[in-house]
Every structure is written in C-alpha cells, then in structure tokens.
Amino acid sequence: MKIKKIVAVAMATAMALSVFANGGAEKSGSKDGKVVLKIMGYGDNANAEGMTFKRICEEFMDENPDIVLDTELLYDEAYHQKVVARLAAGDVPDIAYMGADARWGASWQEAGVQVDNTKFFPSNIDVSSIPDFFGNGNRPYLPLGASNYCTVVAVNMKLLNQINGGKLPATYKELVDLAAKCKAAGIECMSTHGADGWVWGSCVMSGILPRTTGDLKWVEKAVQGKVKWTDAGAVAALDVLAQWVKDGVMSKDAVLVDDGTGKSNFANGKYLMYIDGQWAMGESSFGALAKDIKLIPIPQVPGEKANAGAIAGAWQVGYGITKAGASDPKKLEAAKKWLEYFFSTEEIIQKLRDGAISAPLLKNFKLPNDLDPCIAQKATLGKYPSAYVIDSYLTGTPNDILNAGMQDIVAGKQTAKQVAEAVQKAFDAR
C-alpha cells in the first residue's frame, strides 16, 4: 500500500472524482473482467467526510485496477431517503454506511440485508473495543471510531481562572453563582449554536434528560411507548432550559446564534462555556486557546435525580459489507480489501487528527504526542456515564417539534409542559 496523500490531494480529488460516482459501473458484479463493488457512502463534496471518502476511493482504484467502485455519496436527509428507496427497489449496495441505532440502522436491519462483519474486520482493528450491538455477537458494520459524544461542554479555563479561581461548578447553585460572576465580568456563562434546531436535542437535552428522569435509556423507552414526554421527569428536563435563562446561566439570545458565530464567540472569550458535540471540540480552529480548554459534561442541573455527569453518545456509524457484498467470493474479497484500505491505521489516525472521531478502534493504540490538546481530551470522555442521544431514536415530526419547542422555551414563547404535550401528541399521531 502506498503512503497515503492525506492532506494535499483532498480538495483536488473531490473535484476530479465524479467520473466513477453515481452509476459509473454496470449493475452486475463484474465489468470487463473486473470486480464491481457498489458502495453507498455518506458526505458531500463540501465537507471533510465526503472529500475523504472520495479521495480514498480514487486511491483504492489506482492501487487495485482489477476493482471498479460504483459509488453513491449522499448527505443528511437525502441519505436516509435514498436508503429507503434503494432497499425497496432491491438495489442493495455491497458496502454501505450504516449504524446500529434506529436512525442509522433500522432500515438496513428490517430489510434483512445485514450480515455479521466481525470476521471481515481488518487485522489492525481491536474487535474487543466494539460493543456487541444486539447482544448476539452480530456486528453488521465497522464504526469509524468510538462513541460520538454529543453533549460536550468546552470550558475556557483561562477565563475560569480569572473569574472563579479555576473552580468548576460541582452543584447547580455553584453554576448559578458562577453565572453571576460571568455577568459582572461582561461575558456569558454558557451558550450553544441554538439557531440550529437539532442542537437542542442532540447536544443539550440528551445530556439533561437522563439526569431528571434518572434513566440513561429513557428516550429509547419513550419511543417504545413505555414512558411519555408528559411524565414529570421529562417535563423537568425541558424546564431546565427555562431555569437556565431565569438564573442567567444561558441567555435567551442563544437561539439566535449560528454555528460559526458560536465558535467564534467562545474562541474570543465571550462565552465561558460552550455546548457542542465532540466533533466541534476536535477542530484546530481554537488555535492557542486549545491548551486552555477543558471538556466536561453539562454541569449539574436543577431537578437532577441520578446519573451525575452523564454524557450522551451514540456509537459512530461506519461501513459494513452487506449480504449482497458477501454473496459472491470475488466481491467479498474485494470488499474486505476496501475495508482494510478505508480503515488503515494512517487513515484512522488522520480522522482523529481532523476531529472526525473521538477515539480510534486500533490495537495497542497510543495517542500521538503532537495531537491538538482538545483532540487528546476527547479520548477521556468515556469515563462518564453514557446516555442515549435523543435523535438516534426519536425521529420525524415528534423530533422536529421537540427541537423547535426547546428553542421556544429558551426564547420564552412556550412552557416546558406545553412542549412536552405537543411532542407526545405528535408521537401518538404517527
């Protein structure tokens, strides 16, 4: 295997690769004596994940001229919609981007196209670090990395040292006291990029709900109909947002902040704390500040019953060989070769450096000494209790209503009780 051209060629490759994407090969398993692999990837031409996928596929074909990759690359809802359409039409890719939860894995599982990939994993992968997703030993895909932590709070420790002697809040009262000190210093205590509705469910409420309900798996039970959004613990979780605003912990203006503005405000010392997913905290855009950033769970919330320090995460999606890919020996060998290439040690470490994953699933892995401090810290987040991410289970209209409702709570337009009732009503009407 040649040395990977990780950095310099990524953009050029993204521009030049359209010749083989979206149907560049025949539907059969071979073309002109070459093995044809159909791969459904995730990303687009404008983001790092999509550009990385395209670059790797081009390099793979350069090094394996006997294999043709027939790829389709889709992002966000377009991906989910196409998964349903392709599976309904019986157009099953040989390798596909998938997960193990309701949002990323249910369609593949229900179609019966998954197979156990454990025996297909490359030799550099530490299989023991990958969970038994379904309790039967079946691992239908290889995750990009360890759990994707969504409810991470970045703290500017340099500011905290100036304002509070470097002491992190251990109780909600201490958080409120800290908010008052922040106000006196002319900065905001805690914020997020709340103009993006999904942030409230994925990055905020997913870390609060297990505290006020006392249940790390509460959202899964809600989707199963075992508990309701109108239950006291869920309403209390939503009411935390209103309490934050009332106590000065968070400004109602958080709902107006976009992603770029939020990161910029945090980097420039306008926020003491910033809530986002681990992917944002791994970016190098924080520059010199990175060495002064500490990553923690959401601090104690009012009404907290249990699961102190819970941090929500979902096992990362990745790529798996489907039943179609495993059905023919030649295709299977080609597919295994692609997995080995895509998940090579150098590619996995590059994903870690890019902030795309939280921790590599590699045998005997040691953190490189030259990692950005924030990236190195992400690998420590697994010490906290792990909760479920809301939109890994709650999807569609109920999830949309929840996210918009939380924005309304922060803005003072709806109460927690009203939002809870609206979510439950939408869920019951599905």
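One-based numbering along the sequence shown.
The aromatic rings of F53 and Y319 lie parallel to each other, with less than 30° between the two planes, well short of the 60° mark. Taking the six-membered ring where the residue is Trp, Y75 and Y42 present tilted rings, their angle falling between 30° and 60°. In this structure, F133 and Y141 have parallel ring planes: the angle between them is below the 30° cut-off, well short of the 60° mark.
Of the options W200, W198, Y271, F266, a ring-ring contact (aromatic ring centres under 6.0 Å, His included) to H193 is made by W198 and by none of the others.
Heavy-atom minimum distance, G233 versus T213: C-CG2, 3.7 Å. Across all non-hydrogen atoms, the minimal contact from V92 to A324 is O-CB, 3.9 Å. The minimum heavy-atom distance between S191 and A254, with the atom names listed, is OG-CB, 3.7 Å. In terms of heavy-atom proximity, P122 sits nearest to F343 at CG-CB, 4.4 Å. Residue N138 comes nearest to P140 through the heavy atom pair O-CD, 3.5 Å, listed as atom of the first residue, atom of the second, then distance. Smallest separation of non-hydrogen atoms from M190 and P299: SD-CD, 4.5 Å.
Taking the charged nitrogens against the carboxylate oxygens, E72 and R86 do have a contact shorter than 4.0 Å, which makes a salt bridge. A salt bridge between K337 and E340 is absent, with no side-chain N of the basic residue lying under 4.0 Å from a carboxylate O of the acidic one. One finds a salt bridge joining D370 and R353 here, because a Lys/Arg side-chain nitrogen approaches an Asp/Glu carboxylate oxygen to under 4.0 Å. Classification of E174 and K167 as a salt-bridged pair holds, one side-chain N sitting under 4.0 Å from a carboxylate O. Ion pairing between a basic and an acidic side chain is recognised when a charged N comes within 4.0 Å of a carboxylate O; K38 and D94 show no such pairing. Here K82 does not pair with E77 in a salt bridge; the nearest charged N to carboxylate O distance is not below 4.0 Å. Ion pairing between a basic and an acidic side chain is recognised when a charged N comes within 4.0 Å of a carboxylate O; K221 and D215 show such pairing.
Taken from CG in L144 to CG in L352, the straight-line distance is 12.5 Å, to the nearest 0.5 Å. For the atom pair L178 CG and L160 CG, the distance stands at 6.0 Å (nearest 0.5 Å). In this structure, OH on Y388 lies 9.0 Å from CG on L216, to the nearest 0.5 angstrom. Between the NZ atom in K351 and the CD1 atom in I357 there is a gap of 7.5 Å [rounded to 0.5 Å]. Between N64 atom CG and K34 atom NZ the span is 11.0 Å, to the nearest 0.5 Å. Here I409 contributes atom CD1 and K252 contributes atom NZ; the two are 13.0 Å apart, rounded to the nearest 0.5 Å.
Here the side chain of D116 pairs a donor or acceptor atom with the backbone of T118 at under 3.5 angstrom. Q114 places no side-chain N or O within 3.5 Å of a backbone atom of I321 that could act as its donor or acceptor partner. Side-chain atoms of D101 come within 3.5 Å of backbone N or O of R103 as a donor-acceptor pair. Listed for the T192 side chain is a donor-acceptor partner under 3.5 Å among the backbone atoms of I275. Judged by distance alone, the side chain of D292 and the main-chain N or O of K158 form no donor-acceptor pair under 3.5 Å. A distance-only check finds a donor-acceptor pair linking the side chain of N268 to the backbone of S264 [under 3.5 Å]. Between the side chain of D44 and the backbone N or O of N47, at least one donor-acceptor pair lies under 3.5 Å. R211 contributes no side-chain N or O that, together with a main-chain N or O of A308, makes up a donor-acceptor pair within less than 3.5 Å.
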Working for side-chain contact (heavy atoms from CB on, under 4.5 Å), residues N403 and D391: CA-CA 10 Å; N403 287 332; D391 60 12; 5.7 Å; no
Please assess L362 against D126 for the test side-chain contact (heavy atoms from CB on, under 4.5 Å), listing each intermediate value before the final yes or no. CA-CA 5 Å; L362 296 172; D126 179 7; 6.0 Å; no
Walk me through it: do E347 and R55 pass the test salt bridge (charged side-chain N to carboxylate O under 4.0 Å, His left out)? CA-CA 11 Å; E347 290 289 357; R55 172 182 58 76; 3.0 Å; yes
Start with the C-alpha gap between L37 and I95, add the side-chain angles, then the distance that decides, and say whether side-chain contact (heavy atoms from CB on, under 4.5 Å) holds. CA-CA 8 Å; L37 284 179; I95 301 173; 4.3 Å; yes
Begin from the C-alpha positions of V249 and Y172 and carry the test side-chain contact (heavy atoms from CB on, under 4.5 Å) through to its verdict. CA-CA 10 Å; V249 171; Y172 184 65; 4.0 Å; yes
Between K270 and E188, does the salt bridge (charged side-chain N to carboxylate O under 4.0 Å, His left out) criterion hold? Intermediate values first, please. CA-CA 6 Å; K270 295 181 180 179; E188 292 185 28; over 6 Å; no
Dump the intermediate steps for salt bridge (charged side-chain N to carboxylate O under 4.0 Å, His left out) on E333 and K336, then the final yes or no. CA-CA 5 Å; E333 285 308 307; K336 288 166 61 178; 3.4 Å; yes
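Aromatic ring centres of W104 and W315 lie farther apart than the 6.0 Å criterion allows. Centroid-to-centroid, the aromatic rings of Y97 and W108 stay 6.0 Å apart or farther.
Counting only heavy atoms from C-beta outward, the side chains of T212 and V301 approach each other to under 4.5 Å. The shortest distance between side-chain heavy atoms of T151 and D276 does not fall below 4.5 Å. Contact of the L295 side chain with the I293 side chain is registered, since non-hydrogen atoms from C-beta on lie closer than 4.5 Å. When side chains are defined from C-beta on, Y79 does not count as touching L73, because their heavy atoms never get closer than 4.5 Å. A 4.5 Å side-chain heavy-atom check between N399 and Y393 finds every atom pair outside the cut-off. You'll find the side chain of M250 stays beyond 4.5 Å of the side chain of C189, heavy atoms only. Using a 4.5 Å heavy-atom cutoff, the side chains of C150 and S206 are not in contact. Using a 4.5 Å cut-off on side-chain heavy atoms (C-beta onward), M205 and L238 make contact.
Shown here is K226, whose NZ atom has no more than 12 heavy atoms of other residues, nucleotides or ligands within 6.0 Å.
For N265 and T261, the side-chain atoms include no donor-acceptor pair closer than 3.5 Å. Side-chain N/O atoms of Q243 and D239 include no donor and acceptor closer than 3.5 Å. In summary, the side chains of N156 and K294 do not present any donor paired with an acceptor at a separation below 3.5 Å, with no hydrogens or angles considered.
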